[in-house]
Amino acid sequence: MSTLNTGSGEKERKLAERNIPGMNSRERFVEAQHAKNAGETLKRIAACFGREKAGVAAMLLAVVFGTLCGILAPSLQSSAIDLIAGTREGSFLRTLLLMLFVYLLYSISQLIQGLLSAKLSQRIVGRMRTELFGKLVDLPVSYMDTHSHGDVMSRMTNDIENLSTTISQSLPSLFSGVLTIIGTVAVMLWYCWQLALLSCATVILTLLATKILSGKVRRFSRKRQMLLGRLNGTVEEMISGYRTVVAYNHQDITAEEFCRTADSLTEAGIKTDIFSGVMGPIMNCIGNIGFVIIAAFGGYFSIHGLISVGVISAFIVYARQFSRPINELAQIYGQLQTAVAGAERVFEVLDEAAEDESGEELAEEKSMAITFQNVHFSYEPDRPVIHDFTLTVPPGKKVALVGATGSGKTTMVNLLMRFYDIDSGEILINGQNLGEVSRPSLRRNVAIVLQDTVLFSDTVRSNLKYGNEAATDAQLEEALNRSGCAGLLRELPQGLDTVLTGAGENLSQGQRQLLAIARAFAADPKILILDEATSNVDTRTEKTIQDAMQRVMKNRTSVIIAHRLSTIRDSDIIVVMDQGRIVETGSHEELLAAKGRYYELYMTQYAGIAT
């Protein structure tokens, strides 16, 4: 079911609020600075790994085996040097061959580790992407009405992709680095605990530098992700509304708005990359200090017979192995922060409450009566939109809602479809309270034709069967004929199998609207809603669509929203709304005779009276 526009100007207000124009730059910056609970996010990411225990175990096994090979190789190198120096007995050739074999195993384990981590990342991220999309299709309409579509798409693409890259590239380095640090320190302590302690003194400097820089990285990483979502939202809205942008010569202003957001994104990205990138050189500098310590004190200990020359050589290699994972961890820290920030944004959507689908089944009868009893509704507290709306639509009859823009017409459709729940009062269908009926059960009995026709980039058959998967080709062709699309079907090159490119952009507006009416025919609903179904077409096409509408509304309870009063003259009940209230009801002739608000609207359209 397609999302409707909210009434009383609320949709426009909500769309404006998506870009948060009321926030000044300082407030936006402060919001971006506050990182959310990274610890909780990491726990949830770990839970995702828990579903892939076999893959995680295999990768960890490859990491452990590779780390052991990396730790053993310098020890063999130390033995080989001592054999050359004559301070140790044994076979030099056998030691050399064993060292080469260990290095070969190390390389193979690295290759296996990369393959396993890539497979693991795709499985985890694939599952998360599926869960996210599943959540998106279950979210209430109000969520999509109040969130930037571009930002939602950014969470589905950019944030998920950042997490995928981190799992496939950074996490293996993280596991390997931790194990390498532990193993290397253990071997260094075994060889010479004095020199090991001196070598590890640089860890204090490393931890201090990491703590200072990590806060900067975390702050600007989250700001970058937030701005990236906003930038995507700007691009998405510009593309979808491109004709409006061009028609009002708004290109320069739109470009300026884009550039402002892009400049802020660039600034946040530069700062994130600077604080992430500066960690590497700082760690290298600290590592070089460690080499100096090993060379100076190692030579002193060797002269006094505490260690051999081979041990000094091994210590230099171990010191490099010790500093390398620390450097890598520092360098990937920014990427990890970006991934955590992206995962937070994904989990925010996953934590949103899905649309409540509980409730009893709607009793399906041949015809349905709709009753609104003292309905009150507001999109926000203390800002009522609908006031004490009371109306009865007899079964099989047509009711038309008319009134000025913002009077609440579309809001009533939103409430009837349970896109939103009422604040008080009751909506009944054949006496059954709508608040107790499950949304899927309700919507199976309702079809809707919107002002902005929604078709999908699929075959004509799939579009027509959208509301009734069980419809046969014969039923679809009958629906096309009854909606006046028989000629259109003959013009399509592959008939029902014709693919609508660009969601129907290869068809005219009138043809798309007729297909939407045919889709309603195919759904065979008990209740039909027509929301400004002819407002975007010319008068001649409007007559064709009106004839199709009359056929599809026959013997069905119908709710029509229209600004063109010519489309609702034969309605059984015409309801005139103003600021969320009913001001007049009656037939076309009765309302004209009363010379009230409907008379004013009618004369404005057809008698040229000034508004």
Side-chain angles (χ1 to χ4, degrees), residues 1-3 18 35-59 114-175 221-222 224-237 239-240 265 332 334-355 357 456-458 462 466 503:
M1 190 65 63
S2 304
T3 303
R18 293 192 318 206
K36 296 190 177 180
N37 192 340
E40 185 64 28
T41 302
L42 289 173
K43 289 181 182 179
R44 297 185 65 171
I45 294 176
C48 296
F49 279 91
R51 304 178 188 176
E52 296 289 341
K53 295 180 180 178
V56 172
M59 188 184 73
L115 294 175
L116 290 175
S117 63
K119 182 178 180 180
L120 180 64
S121 70
Q122 292 305 313
R123 288 176 64 88
I124 291 175
V125 171
R127 181 182 291 110
M128 186 176 291
R129 184 181 289 115
T130 301
E131 290 179 0
L132 180 59
F133 189 81
K135 170 63 73 169
L136 289 177
V137 298
D138 287 336
L139 287 173
V141 171
S142 58
Y143 181 89
M144 292 300 180
D145 279 349
T146 55
H147 288 76
S148 166
H149 297 172
D151 183 66
V152 173
M153 292 169 62
S154 180
R155 296 174 194 241
M156 188 76 192
T157 53
N158 296 323
D159 294 329
I160 290 285
E161 191 59 34
N162 284 334
L163 190 59
S164 173
T165 302
T166 300
I167 294 175
S168 63
Q169 298 178 8
S170 301
L171 286 185
S173 298
L174 176 64
F175 295 147
S221 176
R222 182 157 185 84
R224 179 172 64 179
Q225 292 304 107
M226 181 269 292
L227 289 171
L228 184 59
R230 184 178 299 173
L231 192 72
N232 286 338
T234 301
V235 173
E236 187 267 340
E237 289 180 351
I239 294 175
S240 61
L265 176 61
I332 67 175
Q335 186 176 359
L336 289 172
Q337 288 295 328
T338 299
V340 171
E344 284 179 339
R345 286 162 49 79
V346 172
F347 290 141
E348 284 174 1
V349 179
L350 292 177
D351 289 340
E352 287 287 336
E355 188 173 54
E357 296 187 353
F456 300 93
S457 298
D458 205 336
S462 297
Y466 202 75

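Remember, predicted model here, so these are calculated numbers, not experimental data.
At a threshold of 4.5 Å between non-hydrogen side-chain atoms, the residues Glu161 and Val125 do not count as touching. Contact annotation: the side chain of Val152 never approaches that of Val349 to less than 4.5 Å [non-hydrogen atoms, C-beta and beyond]. With a 4.5 Å cut-off on side-chain heavy atoms, Asp351 and Arg44 count as touching. In this structure, Arg224 and Leu265 have side chains that are in contact, with non-hydrogen atoms separated by less than 4.5 Å.
When every heavy atom of Glu355 is checked against every heavy atom of Val141, the shortest pair comes out as OE2-N, 4.4 Å. The minimum heavy-atom distance linking Ala354 with Pro140 is given by the pair C-CD, 4.2 Å.
Residues satisfying the side chain to side chain donor-acceptor pair (under 3.5 Å) test with Ser117, not counting sequence neighbours, are none. Gln122 pairs by the side chain to side chain donor-acceptor pair (under 3.5 Å) definition with Ser164, not counting sequence neighbours. With sequence neighbours excluded, the residues that form a side chain to side chain donor-acceptor pair (under 3.5 Å) with Asn232 are Ser154. In this structure Ser462 satisfies the side chain to side chain contact (heavy atoms under 4.5 Å, CB included) test together with Asp458, Thr459, sequence neighbours excluded. The ring-ring contact (aromatic ring centres under 6.0 Å, His included) test applied to Phe347 returns no partner, not counting sequence neighbours.
Between the CD atom of Glu52 and the CE atom of Met59 there is a distance of 11.5 Å, given to the nearest 0.5 Å. For the atom pair Leu228 CG and Asp159 CG, the distance stands at 7.5 Å (nearest 0.5 Å). With rounding to the nearest 0.5 Å, the separation of CZ in Arg345 from CD1 in Ile160 is 11.0 Å. Expressed to the nearest 0.5 Å, how far CG of Leu115 lies from CG of Leu120 amounts to 12.5 Å. Separation of atoms CG (Leu163) and CG (Asn158) is listed at 12.5 Å; rounding is to 0.5 Å. In this structure, Leu227 CG and Asp151 CG are separated by 10.5 Å, a value rounded to the nearest 0.5 Å.
Within the structure, salt bridge (charged side-chain N to carboxylate O under 4.0 Å, His left out) pairs that include any residue of residues 129-141 comprise Arg51-Glu131 (at least two apart or interchain).
The number of heavy atoms from other shown groups lying within 6.0 Å of CE (Met156) is above 12.
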